[in-house]
Peer 1: 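I am attaching a structure below and will ask some questions about it afterwards.
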Number of protein chains: 2
Amino acid sequence: MYSKIVFLGPNGTFTHEVASSLSDDLFFQCSIPSVLKCVEENHAEVAIVPIENSIEGSVGLTLDLLVDSDLIIEKEFVVPISQNLMAKKGVSLENIKNVFSHSQAISQCQKYIEKHKLKTHFTLSTAVAAKSIKNINDSGAIGSKKAAEIYGLEILDENIQDTDNNQTRFVALGKKKTKPTGNDKTSILFTLHDNNPGRLYETLEIFAKNKINLSKIVSRPLKEGLGTYIFFVDFEGHSDDKKIKAILEKIEEKVYLLKVLGSYPIAEIGNINK
Amino acid sequence: MYSKIVFLGPNGTFTHEVASSLSDDLFFQCSIPSVLKCVEENHAEVAIVPIENSIEGSVGLTLDLLVDSDLIIEKEFVVPISQNLMAKKGVSLENIKNVFSHSQAISQCQKYIEKHKLKTHFTLSTAVAAKSIKNINDSGAIGSKKAAEIYGLEILDENIQDTDNNQTRFVALGKKKTKPTGNDKTSILFTLHDNNPGRLYETLEIFAKNKINLSKIVSRPLKEGLGTYIFFVDFEGHSDDKKIKAILEKIEEKVYLLKVLGSYPIAEIGNINK
(Lines give C-alpha, C1' and ligand atoms only; values in the text may rest on other atoms or scores of the structure.)
Protein backbone atom coordinates (compact mmCIF):
# COMPACT_ATOMS: atom_id res chain seq x y z
CA MET A 1 0.00 0.00 0.00
CA TYR A 2 2.75 2.46 0.92
CA SER A 3 5.75 3.05 -1.30
CA LYS A 4 8.37 3.75 1.36
CA ILE A 5 8.01 3.53 5.15
CA VAL A 6 10.16 4.85 7.99
CA PHE A 7 9.57 3.30 11.41
CA LEU A 8 10.76 3.77 14.97
CA GLY A 9 13.58 1.23 15.13
CA PRO A 10 15.84 -0.51 15.47
CA ASN A 11 14.98 -3.81 13.78
CA GLY A 12 13.20 -6.29 16.03
CA THR A 13 10.82 -3.85 17.76
CA PHE A 14 7.05 -4.23 17.74
CA THR A 15 6.93 -1.17 15.46
CA HIS A 16 9.15 -3.07 13.01
CA GLU A 17 6.64 -5.92 13.03
CA VAL A 18 3.82 -3.51 12.07
CA ALA A 19 5.86 -1.67 9.42
CA SER A 20 7.07 -4.87 7.74
CA SER A 21 3.48 -6.02 7.26
CA LEU A 22 2.75 -2.84 5.27
CA SER A 23 5.64 -2.63 2.82
CA ASP A 24 8.90 -4.31 1.88
CA ASP A 25 10.58 -0.98 1.32
CA LEU A 26 11.33 0.26 4.81
CA PHE A 27 14.04 1.77 6.97
CA PHE A 28 14.26 2.91 10.55
CA GLN A 29 15.33 5.85 12.67
CA CYS A 30 16.04 5.49 16.38
CA SER A 31 14.12 8.50 17.71
CA ILE A 32 10.53 9.61 17.15
CA PRO A 33 11.54 13.16 16.04
CA SER A 34 13.89 11.70 13.37
CA VAL A 35 11.19 9.33 12.13
CA LEU A 36 8.74 12.21 11.61
CA LYS A 37 11.42 14.36 9.96
CA CYS A 38 11.98 11.70 7.28
CA VAL A 39 8.37 12.07 6.13
CA GLU A 40 8.37 15.85 6.47
CA GLU A 41 11.41 15.94 4.16
CA ASN A 42 9.89 13.38 1.72
CA HIS A 43 12.41 10.59 2.35
CA ALA A 44 9.45 8.31 3.14
CA GLU A 45 5.73 8.33 2.42
CA VAL A 46 4.59 7.51 5.96
CA ALA A 47 6.06 7.13 9.44
CA ILE A 48 4.99 4.27 11.72
CA VAL A 49 5.20 5.20 15.41
CA PRO A 50 3.50 3.95 18.59
CA ILE A 51 0.96 6.36 20.09
CA GLU A 52 -0.51 4.56 23.09
CA ASN A 53 -0.43 1.33 25.02
CA SER A 54 -3.38 -0.06 26.96
CA ILE A 55 -1.25 -0.67 30.09
CA GLU A 56 1.37 2.06 30.08
CA GLY A 57 -0.69 4.87 28.51
CA SER A 58 0.22 7.43 25.92
CA VAL A 59 3.58 7.69 24.23
CA GLY A 60 4.11 11.26 25.41
CA LEU A 61 6.70 12.19 22.82
CA THR A 62 4.49 11.14 19.88
CA LEU A 63 1.61 13.27 21.21
CA ASP A 64 3.91 16.22 21.91
CA LEU A 65 5.31 16.14 18.36
CA LEU A 66 1.81 16.10 16.82
CA VAL A 67 1.17 19.54 18.34
CA ASP A 68 3.60 21.27 15.98
CA SER A 69 3.95 18.81 13.09
CA ASP A 70 2.03 19.22 9.81
CA LEU A 71 1.79 15.45 9.40
CA ILE A 72 -1.62 13.87 9.80
CA ILE A 73 -2.79 10.49 11.02
CA GLU A 74 -3.58 8.44 7.89
CA LYS A 75 -4.24 5.10 9.55
CA GLU A 76 -4.17 3.31 12.91
CA PHE A 77 -3.12 -0.24 13.83
CA VAL A 78 -3.96 -1.96 17.11
CA VAL A 79 -1.62 -4.84 17.90
CA PRO A 80 -1.81 -7.25 20.87
CA ILE A 81 1.57 -7.13 22.64
CA SER A 82 3.11 -10.25 24.09
CA GLN A 83 6.27 -9.69 26.12
CA ASN A 84 8.87 -12.41 26.48
CA LEU A 85 11.89 -12.90 28.73
CA MET A 86 14.89 -13.91 26.65
CA ALA A 87 18.54 -14.69 27.41
CA LYS A 88 21.72 -16.09 25.93
CA LYS A 89 21.42 -19.76 25.01
CA GLY A 90 22.11 -22.02 28.01
CA VAL A 91 21.27 -19.38 30.64
CA SER A 92 18.39 -20.49 32.90
CA LEU A 93 15.79 -18.34 34.65
CA GLU A 94 17.47 -18.95 38.05
CA ASN A 95 20.68 -17.27 36.83
CA ILE A 96 18.98 -14.05 35.81
CA LYS A 97 19.52 -11.14 38.21
CA ASN A 98 19.16 -8.20 35.79
CA VAL A 99 16.60 -7.43 33.17
CA PHE A 100 17.04 -4.95 30.30
CA SER A 101 14.27 -3.34 28.27
CA HIS A 102 12.50 -0.20 27.14
CA SER A 103 10.79 1.61 30.03
CA GLN A 104 7.31 0.80 28.66
CA ALA A 105 8.04 -2.93 28.38
CA ILE A 106 9.42 -2.90 31.94
CA SER A 107 6.28 -1.11 33.18
CA GLN A 108 4.15 -3.72 31.44
CA CYS A 109 5.89 -6.56 33.31
CA GLN A 110 6.14 -5.03 36.83
CA LYS A 111 4.57 -8.02 38.64
CA TYR A 112 6.82 -10.54 36.90
CA ILE A 113 9.92 -8.43 37.61
CA GLU A 114 9.02 -8.07 41.32
CA LYS A 115 8.18 -11.77 41.70
CA HIS A 116 11.57 -12.77 40.29
CA LYS A 117 13.39 -9.92 42.11
CA LEU A 118 15.05 -8.69 38.89
CA LYS A 119 17.01 -5.45 38.79
CA THR A 120 15.73 -3.29 35.94
CA HIS A 121 17.88 -1.47 33.37
CA PHE A 122 16.30 0.85 30.83
CA THR A 123 17.29 0.82 27.19
CA LEU A 124 16.29 2.79 24.11
CA SER A 125 14.15 -0.05 22.77
CA THR A 126 13.32 -3.69 23.41
CA ALA A 127 15.64 -4.56 20.52
CA VAL A 128 18.61 -2.71 22.04
CA ALA A 129 17.95 -4.63 25.26
CA ALA A 130 18.10 -7.97 23.43
CA LYS A 131 21.33 -6.99 21.69
CA SER A 132 22.95 -5.73 24.90
CA ILE A 133 22.57 -9.04 26.80
CA LYS A 134 23.48 -11.49 24.06
CA ASN A 135 26.86 -12.30 25.63
CA ILE A 136 25.96 -11.93 29.32
CA ASN A 137 25.19 -14.79 31.74
CA ASP A 138 23.25 -13.09 34.56
CA SER A 139 20.93 -10.87 32.52
CA GLY A 140 17.76 -11.20 30.45
CA ALA A 141 15.89 -8.89 28.11
CA ILE A 142 12.18 -8.29 27.65
CA GLY A 143 10.86 -7.96 24.10
CA SER A 144 9.35 -9.47 20.99
CA LYS A 145 10.01 -12.94 19.63
CA LYS A 146 11.43 -11.20 16.56
CA ALA A 147 14.16 -9.65 18.74
CA ALA A 148 15.08 -13.07 20.19
CA GLU A 149 15.28 -14.43 16.64
CA ILE A 150 17.48 -11.57 15.36
CA TYR A 151 19.97 -11.78 18.25
CA GLY A 152 19.99 -15.59 18.60
CA LEU A 153 18.52 -15.60 22.10
CA GLU A 154 16.42 -18.22 23.84
CA ILE A 155 12.89 -17.44 25.10
CA LEU A 156 12.82 -18.34 28.82
CA ASP A 157 9.25 -17.23 29.52
CA GLU A 158 6.38 -16.16 27.24
CA ASN A 159 3.54 -13.70 27.87
CA ILE A 160 5.11 -12.23 31.01
CA GLN A 161 3.08 -9.00 30.84
CA ASP A 162 0.92 -8.09 33.89
CA THR A 163 -2.37 -8.47 32.04
CA ASP A 164 -3.56 -9.95 28.77
CA ASN A 165 -5.20 -6.66 27.86
CA ASN A 166 -1.90 -5.44 26.51
CA GLN A 167 -2.37 -3.72 23.17
CA THR A 168 -0.35 -1.02 21.47
CA ARG A 169 -1.86 1.39 19.02
CA PHE A 170 0.42 2.51 16.19
CA VAL A 171 -0.31 5.27 13.68
CA ALA A 172 0.84 5.95 10.13
CA LEU A 173 1.71 9.65 9.88
CA GLY A 174 1.83 11.19 6.42
CA LYS A 175 0.64 14.05 4.23
CA LYS A 176 -2.47 12.59 2.56
CA LYS A 177 -6.00 12.92 3.93
CA THR A 178 -7.77 9.56 4.21
CA LYS A 179 -11.19 9.41 2.57
CA PRO A 180 -14.31 8.43 4.57
CA THR A 181 -15.09 4.68 4.68
CA GLY A 182 -18.24 4.83 6.80
CA ASN A 183 -16.44 3.39 9.84
CA ASP A 184 -14.02 6.14 10.76
CA LYS A 185 -12.49 7.88 13.71
CA THR A 186 -11.22 11.45 14.08
CA SER A 187 -8.37 12.58 16.34
CA ILE A 188 -8.21 16.16 17.61
CA LEU A 189 -6.23 18.14 20.15
CA PHE A 190 -7.35 21.28 21.93
CA THR A 191 -6.35 23.70 24.67
CA LEU A 192 -8.70 25.66 26.92
CA HIS A 193 -9.20 29.38 27.53
CA ASP A 194 -7.32 30.54 30.67
CA ASN A 195 -5.76 27.03 30.79
CA ASN A 196 -8.58 26.14 33.16
CA PRO A 197 -9.14 22.36 33.30
CA GLY A 198 -12.58 23.04 34.83
CA ARG A 199 -13.79 24.21 31.41
CA LEU A 200 -13.15 20.84 29.84
CA TYR A 201 -16.70 19.73 30.57
CA GLU A 202 -18.14 22.39 28.21
CA THR A 203 -16.31 20.74 25.31
CA LEU A 204 -17.17 17.20 26.33
CA GLU A 205 -20.82 18.25 26.62
CA ILE A 206 -20.87 18.96 22.86
CA PHE A 207 -19.95 15.34 22.14
CA ALA A 208 -22.43 14.00 24.69
CA LYS A 209 -25.36 16.13 23.48
CA ASN A 210 -24.65 14.98 19.90
CA LYS A 211 -24.30 11.32 20.98
CA ILE A 212 -20.78 11.05 19.60
CA ASN A 213 -18.80 8.23 21.22
CA LEU A 214 -15.35 9.13 22.50
CA SER A 215 -12.79 6.35 22.30
CA LYS A 216 -9.97 8.28 23.93
CA ILE A 217 -9.35 11.25 26.18
CA VAL A 218 -5.90 11.99 27.53
CA SER A 219 -4.15 15.10 28.73
CA ARG A 220 -0.56 16.14 28.15
CA PRO A 221 1.18 19.07 29.84
CA LEU A 222 1.00 22.31 27.86
CA LYS A 223 4.50 22.91 29.26
CA GLU A 224 3.43 26.26 30.71
CA GLY A 225 3.50 25.06 34.30
CA LEU A 226 1.66 22.42 36.36
CA GLY A 227 -2.09 22.23 35.75
CA THR A 228 -2.04 23.48 32.13
CA TYR A 229 -2.99 20.87 29.54
CA ILE A 230 -3.42 19.91 25.92
CA PHE A 231 -6.27 17.44 25.56
CA PHE A 232 -6.20 14.68 22.94
CA VAL A 233 -9.61 13.27 22.05
CA ASP A 234 -10.58 10.54 19.55
CA PHE A 235 -14.20 10.12 18.50
CA GLU A 236 -16.31 8.23 15.98
CA GLY A 237 -16.91 9.87 12.59
CA HIS A 238 -14.95 11.50 9.76
CA SER A 239 -14.15 15.23 9.60
CA ASP A 240 -15.72 15.29 6.10
CA ASP A 241 -19.10 14.12 7.56
CA LYS A 242 -21.63 16.97 7.76
CA LYS A 243 -22.48 16.18 11.38
CA ILE A 244 -18.83 16.06 12.47
CA LYS A 245 -18.06 19.31 10.62
CA ALA A 246 -20.83 21.04 12.61
CA ILE A 247 -19.50 19.60 15.88
CA LEU A 248 -15.95 20.73 15.13
CA GLU A 249 -17.29 24.26 14.53
CA LYS A 250 -19.04 24.24 17.92
CA ILE A 251 -15.88 22.99 19.62
CA GLU A 252 -13.83 25.71 17.96
CA GLU A 253 -16.08 28.30 19.62
CA LYS A 254 -15.49 26.79 23.08
CA VAL A 255 -11.76 26.09 23.05
CA TYR A 256 -8.67 28.27 22.74
CA LEU A 257 -6.92 26.19 20.07
CA LEU A 258 -8.30 23.29 18.02
CA LYS A 259 -6.29 21.08 15.67
CA VAL A 260 -7.66 18.15 13.69
CA LEU A 261 -4.97 15.45 13.61
CA GLY A 262 -6.69 13.27 11.03
CA SER A 263 -9.65 11.04 10.19
CA TYR A 264 -9.03 7.38 9.35
CA PRO A 265 -10.69 3.94 9.44
CA ILE A 266 -11.21 2.38 12.90
CA ALA A 267 -8.72 -0.50 13.20
CA GLU A 268 -9.66 -4.03 14.07
CA ILE A 269 -7.37 -5.46 16.75
CA GLY A 270 -4.45 -7.40 15.31
CA ASN A 271 -5.80 -7.11 11.78
CA ILE A 272 -3.26 -5.04 9.90
CA ASN A 273 -5.18 -4.00 6.83
CA LYS A 274 -2.86 -2.86 4.05
CA MET B 1 8.62 17.28 60.87
CA TYR B 2 8.80 13.60 59.90
CA SER B 3 10.62 11.02 62.00
CA LYS B 4 11.88 8.73 59.24
CA ILE B 5 11.61 9.22 55.48
CA VAL B 6 12.09 6.83 52.57
CA PHE B 7 12.59 8.41 49.15
CA LEU B 8 12.96 7.30 45.54
CA GLY B 9 16.73 7.12 45.21
CA PRO B 10 19.56 6.79 44.75
CA ASN B 11 21.33 9.73 46.41
CA GLY B 12 21.70 12.77 44.18
CA THR B 13 18.22 12.72 42.62
CA PHE B 14 15.82 15.64 42.81
CA THR B 15 13.67 13.51 45.13
CA HIS B 16 16.69 13.27 47.44
CA GLU B 17 16.91 17.08 47.50
CA VAL B 18 13.26 17.31 48.62
CA ALA B 19 13.53 14.53 51.21
CA SER B 20 16.70 15.91 52.76
CA SER B 21 14.99 19.25 53.38
CA LEU B 22 12.33 17.47 55.48
CA SER B 23 14.34 15.24 57.79
CA ASP B 24 17.88 14.11 58.58
CA ASP B 25 16.76 10.55 59.11
CA LEU B 26 16.28 9.20 55.62
CA PHE B 27 17.06 6.28 53.37
CA PHE B 28 16.26 5.38 49.78
CA GLN B 29 14.86 2.56 47.67
CA CYS B 30 15.46 2.39 43.93
CA SER B 31 11.93 1.63 42.74
CA ILE B 32 8.62 3.34 43.48
CA PRO B 33 6.89 0.09 44.59
CA SER B 34 9.70 -0.58 47.13
CA VAL B 35 9.49 2.99 48.45
CA LEU B 36 5.75 2.64 49.14
CA LYS B 37 6.21 -0.80 50.70
CA CYS B 38 8.61 0.66 53.32
CA VAL B 39 5.83 2.91 54.63
CA GLU B 40 3.16 0.22 54.36
CA GLU B 41 5.37 -2.03 56.53
CA ASN B 42 6.18 0.80 58.98
CA HIS B 43 9.90 1.04 58.19
CA ALA B 44 9.37 4.76 57.49
CA GLU B 45 6.73 7.35 58.38
CA VAL B 46 6.35 8.80 54.87
CA ALA B 47 7.51 8.11 51.33
CA ILE B 48 8.65 10.93 49.05
CA VAL B 49 7.99 10.20 45.37
CA PRO B 50 7.53 12.32 42.23
CA ILE B 51 3.95 12.42 40.92
CA GLU B 52 4.04 14.79 37.94
CA ASN B 53 6.28 17.06 35.94
CA SER B 54 5.08 20.16 34.12
CA ILE B 55 6.88 19.15 30.89
CA GLU B 56 6.84 15.39 30.83
CA GLY B 57 3.47 14.78 32.52
CA SER B 58 2.42 12.27 35.14
CA VAL B 59 4.72 9.71 36.68
CA GLY B 60 2.53 6.81 35.53
CA LEU B 61 3.84 4.28 38.03
CA THR B 62 3.13 6.52 41.04
CA LEU B 63 -0.46 7.06 39.88
CA ASP B 64 -0.95 3.35 39.13
CA LEU B 65 0.28 2.37 42.62
CA LEU B 66 -2.10 4.84 44.31
CA VAL B 67 -5.05 2.87 42.89
CA ASP B 68 -4.45 -0.13 45.18
CA SER B 69 -2.33 1.34 48.00
CA ASP B 70 -3.84 2.32 51.36
CA LEU B 71 -1.35 5.17 51.71
CA ILE B 72 -2.70 8.70 51.43
CA ILE B 73 -1.21 11.95 50.19
CA GLU B 74 -0.21 13.91 53.32
CA LYS B 75 1.61 16.78 51.64
CA GLU B 76 2.77 18.05 48.23
CA PHE B 77 5.95 19.87 47.21
CA VAL B 78 6.42 21.76 43.95
CA VAL B 79 10.07 22.18 42.99
CA PRO B 80 11.51 24.08 39.98
CA ILE B 81 13.75 21.65 38.09
CA SER B 82 16.97 22.80 36.51
CA GLN B 83 18.72 20.21 34.36
CA ASN B 84 22.47 20.33 33.82
CA LEU B 85 24.86 18.61 31.44
CA MET B 86 27.80 17.17 33.35
CA ALA B 87 30.89 15.17 32.41
CA LYS B 88 34.21 13.91 33.73
CA LYS B 89 36.62 16.72 34.57
CA GLY B 90 38.55 17.89 31.50
CA VAL B 91 35.98 16.66 28.97
CA SER B 92 34.61 19.48 26.82
CA LEU B 93 31.17 19.82 25.22
CA GLU B 94 32.65 19.13 21.74
CA ASN B 95 33.82 15.66 22.85
CA ILE B 96 30.39 14.55 24.03
CA LYS B 97 28.61 12.14 21.66
CA ASN B 98 26.40 10.26 24.16
CA VAL B 99 24.17 11.46 26.93
CA PHE B 100 22.87 9.36 29.82
CA SER B 101 19.88 10.13 31.99
CA HIS B 102 16.46 9.12 33.26
CA SER B 103 13.84 9.08 30.49
CA GLN B 104 11.99 12.07 31.99
CA ALA B 105 15.16 14.20 32.16
CA ILE B 106 15.96 13.28 28.55
CA SER B 107 12.43 14.22 27.47
CA GLN B 108 12.81 17.54 29.25
CA CYS B 109 15.95 18.38 27.25
CA GLN B 110 14.91 17.18 23.76
CA LYS B 111 15.79 20.41 21.97
CA TYR B 112 19.25 20.63 23.53
CA ILE B 113 19.93 16.95 22.74
CA GLU B 114 18.87 17.39 19.09
CA LYS B 115 20.85 20.60 18.67
CA HIS B 116 24.03 18.92 19.88
CA LYS B 117 23.23 15.63 18.05
CA LEU B 118 23.69 13.55 21.22
CA LYS B 119 22.80 9.88 21.30
CA THR B 120 20.52 9.19 24.26
CA HIS B 121 20.88 6.35 26.79
CA PHE B 122 18.25 5.77 29.43
CA THR B 123 19.15 5.03 33.03
CA LEU B 124 17.18 4.27 36.18
CA SER B 125 17.72 7.77 37.55
CA THR B 126 19.66 10.96 36.90
CA ALA B 127 22.06 9.89 39.65
CA VAL B 128 22.78 6.51 38.04
CA ALA B 129 23.51 8.42 34.81
CA ALA B 130 26.06 10.65 36.56
CA LYS B 131 27.72 7.65 38.17
CA SER B 132 27.86 5.68 34.91
CA ILE B 133 29.82 8.31 32.97
CA LYS B 134 32.31 9.37 35.62
CA ASN B 135 35.20 7.61 33.86
CA ILE B 136 34.13 8.04 30.24
CA ASN B 137 35.49 10.64 27.79
CA ASP B 138 32.77 10.82 25.10
CA SER B 139 29.68 10.85 27.30
CA GLY B 140 27.77 13.28 29.49
CA ALA B 141 24.92 12.92 31.95
CA ILE B 142 21.88 15.09 32.60
CA GLY B 143 20.88 15.73 36.21
CA SER B 144 21.00 17.81 39.35
CA LYS B 145 23.98 19.79 40.62
CA LYS B 146 23.88 17.50 43.65
CA ALA B 147 24.63 14.52 41.38
CA ALA B 148 27.63 16.33 39.83
CA GLU B 149 28.90 17.11 43.34
CA ILE B 150 28.50 13.50 44.59
CA TYR B 151 30.30 11.95 41.59
CA GLY B 152 32.99 14.64 41.15
CA LEU B 153 31.77 15.76 37.71
CA GLU B 154 32.04 19.12 36.01
CA ILE B 155 28.93 21.07 34.93
CA LEU B 156 29.34 21.83 31.18
CA ASP B 157 25.99 23.55 30.68
CA GLU B 158 23.32 24.78 33.10
CA ASN B 159 19.53 25.00 32.66
CA ILE B 160 19.47 22.92 29.48
CA GLN B 161 15.75 22.02 29.81
CA ASP B 162 13.47 22.95 26.88
CA THR B 163 11.48 25.50 28.86
CA ASP B 164 11.80 27.35 32.13
CA ASN B 165 8.37 26.14 33.19
CA ASN B 166 9.93 22.95 34.40
CA GLN B 167 8.54 21.99 37.79
CA THR B 168 8.15 18.63 39.46
CA ARG B 169 5.48 17.92 42.01
CA PHE B 170 6.44 15.48 44.75
CA VAL B 171 4.09 13.98 47.34
CA ALA B 172 4.59 12.62 50.84
CA LEU B 173 2.62 9.37 51.12
CA GLY B 174 1.78 8.12 54.61
CA LYS B 175 -0.98 6.88 56.88
CA LYS B 176 -2.10 10.07 58.67
CA LYS B 177 -4.90 12.34 57.45
CA THR B 178 -3.79 15.98 57.19
CA LYS B 179 -6.05 18.48 59.00
CA PRO B 180 -7.67 21.39 57.11
CA THR B 181 -5.60 24.60 56.98
CA GLY B 182 -8.05 26.75 54.98
CA ASN B 183 -5.88 26.56 51.85
CA ASP B 184 -6.13 22.91 50.86
CA LYS B 185 -6.38 20.66 47.88
CA THR B 186 -8.00 17.24 47.52
CA SER B 187 -6.86 14.47 45.17
CA ILE B 188 -9.31 11.83 43.96
CA LEU B 189 -9.41 9.09 41.37
CA PHE B 190 -12.49 7.64 39.70
CA THR B 191 -13.58 5.28 36.95
CA LEU B 192 -16.74 5.57 34.85
CA HIS B 193 -19.72 3.27 34.31
CA ASP B 194 -19.34 1.20 31.12
CA ASN B 195 -15.76 2.60 30.86
CA ASN B 196 -17.24 5.25 28.59
CA PRO B 197 -15.02 8.35 28.41
CA GLY B 198 -18.01 10.28 27.05
CA ARG B 199 -19.54 10.24 30.55
CA LEU B 200 -16.65 12.18 32.04
CA TYR B 201 -18.44 15.46 31.43
CA GLU B 202 -21.22 14.53 33.90
CA THR B 203 -18.65 14.37 36.68
CA LEU B 204 -16.81 17.52 35.63
CA GLU B 205 -20.14 19.34 35.53
CA ILE B 206 -20.51 18.80 39.31
CA PHE B 207 -17.29 20.74 39.91
CA ALA B 208 -18.24 23.46 37.42
CA LYS B 209 -21.75 23.99 38.83
CA ASN B 210 -20.29 24.26 42.35
CA LYS B 211 -17.53 26.63 41.20
CA ILE B 212 -14.76 24.34 42.40
CA ASN B 213 -11.44 24.97 40.66
CA LEU B 214 -9.68 21.93 39.24
CA SER B 215 -5.89 22.11 39.29
CA LYS B 216 -5.33 18.78 37.56
CA ILE B 217 -7.06 16.26 35.35
CA VAL B 218 -5.19 13.34 33.87
CA SER B 219 -6.16 9.90 32.65
CA ARG B 220 -4.32 6.64 33.08
CA PRO B 221 -5.21 3.37 31.38
CA LEU B 222 -7.53 1.14 33.42
CA LYS B 223 -5.51 -1.71 31.87
CA GLU B 224 -8.68 -3.32 30.54
CA GLY B 225 -7.96 -2.44 26.90
CA LEU B 226 -7.50 0.77 24.92
CA GLY B 227 -10.03 3.50 25.68
CA THR B 228 -10.68 2.53 29.32
CA TYR B 229 -9.42 5.00 31.89
CA ILE B 230 -8.89 5.93 35.52
CA PHE B 231 -9.17 9.70 35.95
CA PHE B 232 -7.08 11.58 38.51
CA VAL B 233 -8.48 14.96 39.52
CA ASP B 234 -7.15 17.54 42.01
CA PHE B 235 -9.40 20.34 43.21
CA GLU B 236 -9.46 23.13 45.78
CA GLY B 237 -10.87 22.32 49.21
CA HIS B 238 -10.51 19.73 51.99
CA SER B 239 -12.53 16.52 52.19
CA ASP B 240 -13.56 17.52 55.75
CA ASP B 241 -15.20 20.75 54.43
CA LYS B 242 -18.99 20.50 54.41
CA LYS B 243 -19.19 21.72 50.79
CA ILE B 244 -16.57 19.26 49.54
CA LYS B 245 -18.23 16.38 51.41
CA ALA B 246 -21.49 17.12 49.58
CA ILE B 247 -19.68 17.27 46.23
CA LEU B 248 -17.92 13.96 46.85
CA GLU B 249 -21.32 12.37 47.59
CA LYS B 250 -22.69 13.68 44.28
CA ILE B 251 -19.64 12.37 42.41
CA GLU B 252 -20.02 8.97 44.01
CA GLU B 253 -23.51 8.73 42.50
CA LYS B 254 -22.18 9.45 39.00
CA VAL B 255 -19.03 7.33 38.84
CA TYR B 256 -18.36 3.61 39.06
CA LEU B 257 -15.53 3.82 41.61
CA LEU B 258 -14.40 6.82 43.67
CA LYS B 259 -11.31 6.94 45.89
CA VAL B 260 -10.16 9.97 47.88
CA LEU B 261 -6.35 9.98 47.79
CA GLY B 262 -5.94 12.70 50.41
CA SER B 263 -6.44 16.36 51.33
CA TYR B 264 -3.42 18.51 52.09
CA PRO B 265 -2.17 22.13 52.00
CA ILE B 266 -1.59 23.66 48.55
CA ALA B 267 2.18 23.99 48.08
CA GLU B 268 3.94 27.18 47.17
CA ILE B 269 6.46 26.64 44.37
CA GLY B 270 9.93 25.93 45.65
CA ASN B 271 8.94 26.61 49.24
CA ILE B 272 9.38 23.33 51.05
CA ASN B 273 7.43 23.89 54.22
CA LYS B 274 8.37 21.39 56.88
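Order of the sequence lines sets the chain letters (A, B, ...), proteins ahead of strands, with each chain counted from 1.
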Peer 1: Give a yes or no answer on whether the side chain of B:R220 reaches the backbone of A:E56 with a donor-acceptor pair at less than 3.5 Å.
Peer 2: yes
Peer 1: If you measure from OG on B:S101 to CZ on A:F122, what distance do you get to the nearest 0.5 Å?
Peer 2: 12.0 Å
Peer 1: Quick one: are A:I206 and B:Y201 in side-chain contact, heavy atoms under 4.5 Å?
Peer 2: no
Peer 1: Drop me the distance from B:F232's CZ to A:S219's OG, to the nearest 0.5 angstrom.
Peer 2: 11.0 Å
Peer 1: Check the pair B:E202 / A:E205 against side chain to side chain contact (heavy atoms under 4.5 Å, CB included), numbers first and verdict last.
Peer 2: CA-CA 8 Å; B:E202 294 176 7; A:E205 194 178 27; over 6 Å; no
Peer 1: Can you tell me which of B:I212, B:L214, B:I55, B:L200 forms the most heavy-atom pairs within a distance under 4.5 Å of chain A?
Peer 2: B:I55
Peer 1: Testing the basics here: between B:L204 and A:L204, what is the closest heavy-atom pair and its distance to 0.1 Å?
Peer 2: CD1-CD1, 4.1 Å
Peer 1: I need the residue from A:P197, A:G227, A:G57 with the largest number of non-hydrogen atom pairs under 4.5 Å to chain B.
Peer 2: A:P197
Peer 1: Can you say whether A:D162 sits under 4.5 Å from chain B via the side chain, the backbone, both, or neither, judging by heavy atoms?
Peer 2: neither
Peer 1: Verify the neighbour count for atom NZ of B:K185: are there more than 12 heavy atoms of other residues, nucleotides or ligands below 6.0 Å?
Peer 2: yes
Peer 1: Run the side chain to side chain contact (heavy atoms under 4.5 Å, CB included) test on A:K216 and B:Y229 for me, step by step, so that the C-alpha distance in whole Å, both residues' side-chain angles and the decisive distance to 0.1 Å come before the verdict.
Peer 2: CA-CA 9 Å; A:K216 166 172 139 173; B:Y229 300 102; 3.2 Å; yes
Peer 1: Which residues in residues 106-115 of chain B have a heavy atom less than 4.5 Å from any heavy atom of chain A?
Peer 2: B:Q110, B:E114
Peer 1: OG1 of A:T123 to NE2 of B:H121: how many Å apart, nearest 0.5 Å?
Peer 2: 11.5 Å
Peer 1: Relative to chain A, which of B:C30, B:G198, B:S54, B:S103 shows the most heavy atom pairs under 4.5 Å?
Peer 2: B:S54
Peer 1: Sort A:F235 into side chain, backbone, both or neither according to what part of it lies under 4.5 angstrom from a heavy atom of chain B.
Peer 2: neither
Peer 1: Do B:N165 and A:K223 come within less than 4.5 Å of each other through their side chains, counting heavy atoms only?
Peer 2: no
